[in-house]
Amino acid sequence: MPGQHDAMFPGSALRILHLRCPADVDPQVYRLLLGLVAEVTPVVQALPPSALVADVSGSLRYFGRDLSGLARMIRTRALARYGLDVKIGVASTWALAAMASTGTGPGGIRTVGAARAEMEAFLYPRPVGELYGIGPAQARTLTTFGVHSVGIPRRAPGVDRPAHPWRAYMTTDPRTRQGHRPEGRRPHPPPLPYSTSAQRRFPIDTLDPAAVRAALLSLAVELGDRLRNRQQAARTVTLTVTLAGRSQITRSHRLDGGPSAHTDDLRQTLYDLYADCGFQRARIRAVTARCEQLQDAARTPEQLSLEPQRDDQLRAETAIDALNRRFGAGTVGPAAAYGRAV
């Protein structure tokens, strides 16, 4: 069946990374990983609760790395920032990358070359139940007829008969047969969210107002950077303070100057919300900031500033964003925001 065999290995230009986290990954860490990968490519599709897929076709030249090099960079950053051991499959199609990510070696990365011989060498010896998209019932049916590995139908003498179960499978499920959907099985990033949040937890419950302010500043830096990268602006900011007894106090405020993604606007709002809580000797365990009612920054009017200090801050913010895009998020930022909370 040469036509079906050729369809198994299309000449695809896709460059896919399939990432798998440990099954018990913390949802917050999983969201952080999504943000990390979004620093490399905007074409990221979440596969909750513990996987995601990314098309890095447009990132290879920008970062000056090949597919395996980008995978190593992402894996190293995930380990360094979050202590997250991510397994990554690298291939030219979604299906092959997903299968590769289940059997990575000690380095946590497995690459399947784009040449047909390399794909055949990877795919054909695998048990038929591991073929991406096949369910347990289909696998049992195929093994009943002696199709134990993916490569067997290529050699089976009766495979062209319509009654053969593999023939029926190959005919009725072209998505899995081809290793990709007709449109290329390209990852589809979800619409931009209507809210985004970040949290800082203190190693021990703290009474130090300076430590809390440093944590609030770091939240403003992170959320501002995230919003500007997404080209969004927040209309409302909400602060949740978790106390030592796990009780929580929440305050929310609509930004006075209109929707904004500027770090200084977020910082001042978070400071005001914290002051509004009226704490004196409260032991603080964590602070969480949420930007809500997000909207497209391109449709958000920017109020002209007549204050030289604010103009200087906005110019510095633009330069900081450029450096962080070049060298990684968090490379440049206020010194006071570091080392107080995690």
Side-chain angles (χ1 to χ4, degrees), residues 26-33 35-36 80-84 193 195-230 232-257 259-294 309-310 312-314 316-317 320-321 323-324 328-342:
D26 182 88
Q28 179 65 20
V29 176
Y30 175 71
R31 287 191 289 270
L32 290 172
L33 178 65
L36 186 156
R81 295 185 190 178
Y82 317 123
L84 185 61
S195 67
T196 185
S197 65
Q199 183 184 75
R200 297 293 182 269
R201 298 183 66 88
F202 297 97
I204 58 174
D205 300 339
T206 184
L207 290 166
D208 183 4
V212 177
R213 285 175 68 87
L216 295 176
L217 175 58
S218 70
L219 288 172
V221 170
E222 178 181 341
L223 292 175
D225 180 71
R226 188 183 304 169
L227 291 176
R228 293 190 296 275
N229 283 334
R230 294 175 177 175
Q232 289 186 294
R235 184 180 296 274
T236 303
V237 175
T238 298
L239 173 67
T240 300
V241 181
T242 303
L243 303 176
R246 295 187 179 181
S247 62
Q248 292 184 329
I249 296 178
T250 300
R251 295 287 186 271
S252 185
H253 183 72
R254 194 181 182 94
L255 292 174
D256 295 328
S260 175
H262 298 307
T263 296
D264 198 58
D265 294 338
L266 302 179
R267 174 192 62 80
Q268 189 58 54
T269 302
L270 289 173
Y271 284 177
D272 292 343
L273 290 173
Y274 183 75
D276 188 54
C277 292
F279 295 127
Q280 295 190 15
R281 295 290 295 171
R283 301 181 68 89
I284 309 300
R285 179 164 296 179
V287 286
T288 303
R290 178 179 292 276
C291 293
E292 300 174 303
Q293 295 180 289
L294 304 185
Q309 181 180 358
R310 179 172 175 83
D312 292 342
Q313 289 173 339
L314 295 180
E317 185 177 83
I320 290 171
D321 288 346
L323 289 170
N324 286 332
T331 300
V332 181
Y338 291 88
R340 300 299 185 94
V342 295

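Counting begins at 1 with the first residue of the sequence. Just so it is clear, the structure is predicted and the values come from calculations on it, not from any experiment.
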Participant: Work out which heavy atom in T206 is nearest to a heavy atom in A211; give both atom names and the distance.
Facilitator: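 Scanning both residues, the minimum pair turns out to be OG1-CB, 4.2 Å.
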Participant: List the residues meeting side chain to side chain donor-acceptor pair (under 3.5 Å) with T288, not counting sequence neighbours, and say none if there are none.
Facilitator: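 So T288 forms a side chain to side chain donor-acceptor pair (under 3.5 Å) with Q199.
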Participant: T240: what forms a side chain to side chain donor-acceptor pair (under 3.5 Å) with it, not counting sequence neighbours?
Facilitator: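 Applying side chain to side chain donor-acceptor pair (under 3.5 Å) to T240 gives T250.
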Participant: Using a distance-only test with no angle check, is there a side-chain donor-acceptor pair under 3.5 angstrom linking T242 and R201?
Facilitator: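 No, no side-chain donor-acceptor contact under 3.5 Å.
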Participant: So which atom in S252 and which in T238 form the shortest heavy-atom distance, rounded to 0.1 Å?
Facilitator: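 Closest approach of S252 to T238: OG-OG1, 3.0 Å.
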Participant: How far apart are the closest heavy atoms of C291 and L227, and which atoms are they?
Facilitator: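 The pair with the smallest heavy-atom distance is SG-CD1, 4.0 Å.
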Participant: Ignoring hydrogens and geometry, is there a side-chain-to-backbone donor-acceptor pair from R226 to E222 under 3.5 Å?
Facilitator: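 No: the side chain of R226 does not pair with the backbone of E222.
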Participant: Rounded to the nearest 0.5 Å, what separates atom CZ in R267 from atom NE2 in H262?
Facilitator: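 The CZ atom of R267 sits 13.5 Å away from the NE2 atom of H262.
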Participant: Identify the heavy atoms of Y82 and L33 that sit nearest to each other, and give their distance.
Facilitator: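 So the two residues come closest at CE1-N, 4.4 Å.
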Participant: Please identify which of these residues, R254, Q293, H253, meets the side chain to side chain donor-acceptor pair (under 3.5 Å) condition with T236.
Facilitator: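 Answer to the side chain to side chain donor-acceptor pair (under 3.5 Å) test with T236 among R254, Q293, H253: Q293.
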Participant: Please list all pairs meeting side-chain hydrogen bond (donor to acceptor under 3.5 Å, both in side chains) that have one or both residues in residues 276-287, counting only residues at least two apart or in different chains.
Facilitator: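 Every side-chain hydrogen bond (donor to acceptor under 3.5 Å, both in side chains) pair that includes a residue of residues 276-287, provided the two are not neighbours, is D205-R285, R251-D276.
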Participant: Evaluate the side-chain contact (heavy atoms from CB on, under 4.5 Å) criterion for residues L36 and R81: first the C-alpha distance (whole Å), next the side-chain angles of each, then the deciding distance (0.1 Å), finally the verdict.
Facilitator: CA-CA 9 Å; L36 186 156; R81 295 185 190 178; 4.0 Å; yes
Participant: Please assess Q268 against D272 for the test side-chain hydrogen bond (donor to acceptor under 3.5 Å, both in side chains), listing each intermediate value before the final yes or no.
Facilitator: CA-CA 6 Å; Q268 189 58 54; D272 292 343; 3.0 Å; yes
Participant: Heavy atoms only: give me the nearest T263-G224 pair and the separation to one decimal.
Facilitator: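 In this case the closest contact between T263 and G224 is OG1-CA, 4.3 Å.
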Participant: Can you confirm whether T196 sits close enough to Q232 that some side-chain heavy atom of one is under 4.5 Å from a side-chain heavy atom of the other?
Facilitator: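 The answer is no; the side chains never approach within 4.5 Å.
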Participant: Measure the CG-OG1 distance between D264 and T269 for me, rounded to the nearest 0.5 Å.
Facilitator: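 Going from the CG atom of D264 to the OG1 atom of T269 covers 9.0 Å.
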Participant: Answer yes or no: is there a side-chain heavy-atom contact under 4.5 Å between V241 and F279?
Facilitator: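 Yes; the side chains approach each other to less than 4.5 Å.
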Participant: Which atom pair, heavy atoms only, marks the closest approach of F202 to A215?
Facilitator: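 Taking every non-hydrogen atom into account, CZ-CB, 3.8 Å.
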Participant: Hey, which of D265, V287, L217, V237 is the one that makes side chain to side chain contact (heavy atoms under 4.5 Å, CB included) with L270?
Facilitator: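 One option only clears the test, and that one is V237.
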Participant: To the nearest 0.5 Å, tell me how far R290 CZ sits from L223 CG.
Facilitator: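 The CZ atom of R290 sits 10.0 Å away from the CG atom of L223.
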Participant: As an exercise, state the distance from CG of L219 to CG of L266, rounded to the nearest 0.5 Å.
Facilitator: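 Going from CG on L219 over to CG on L266, the span is 10.0 Å.
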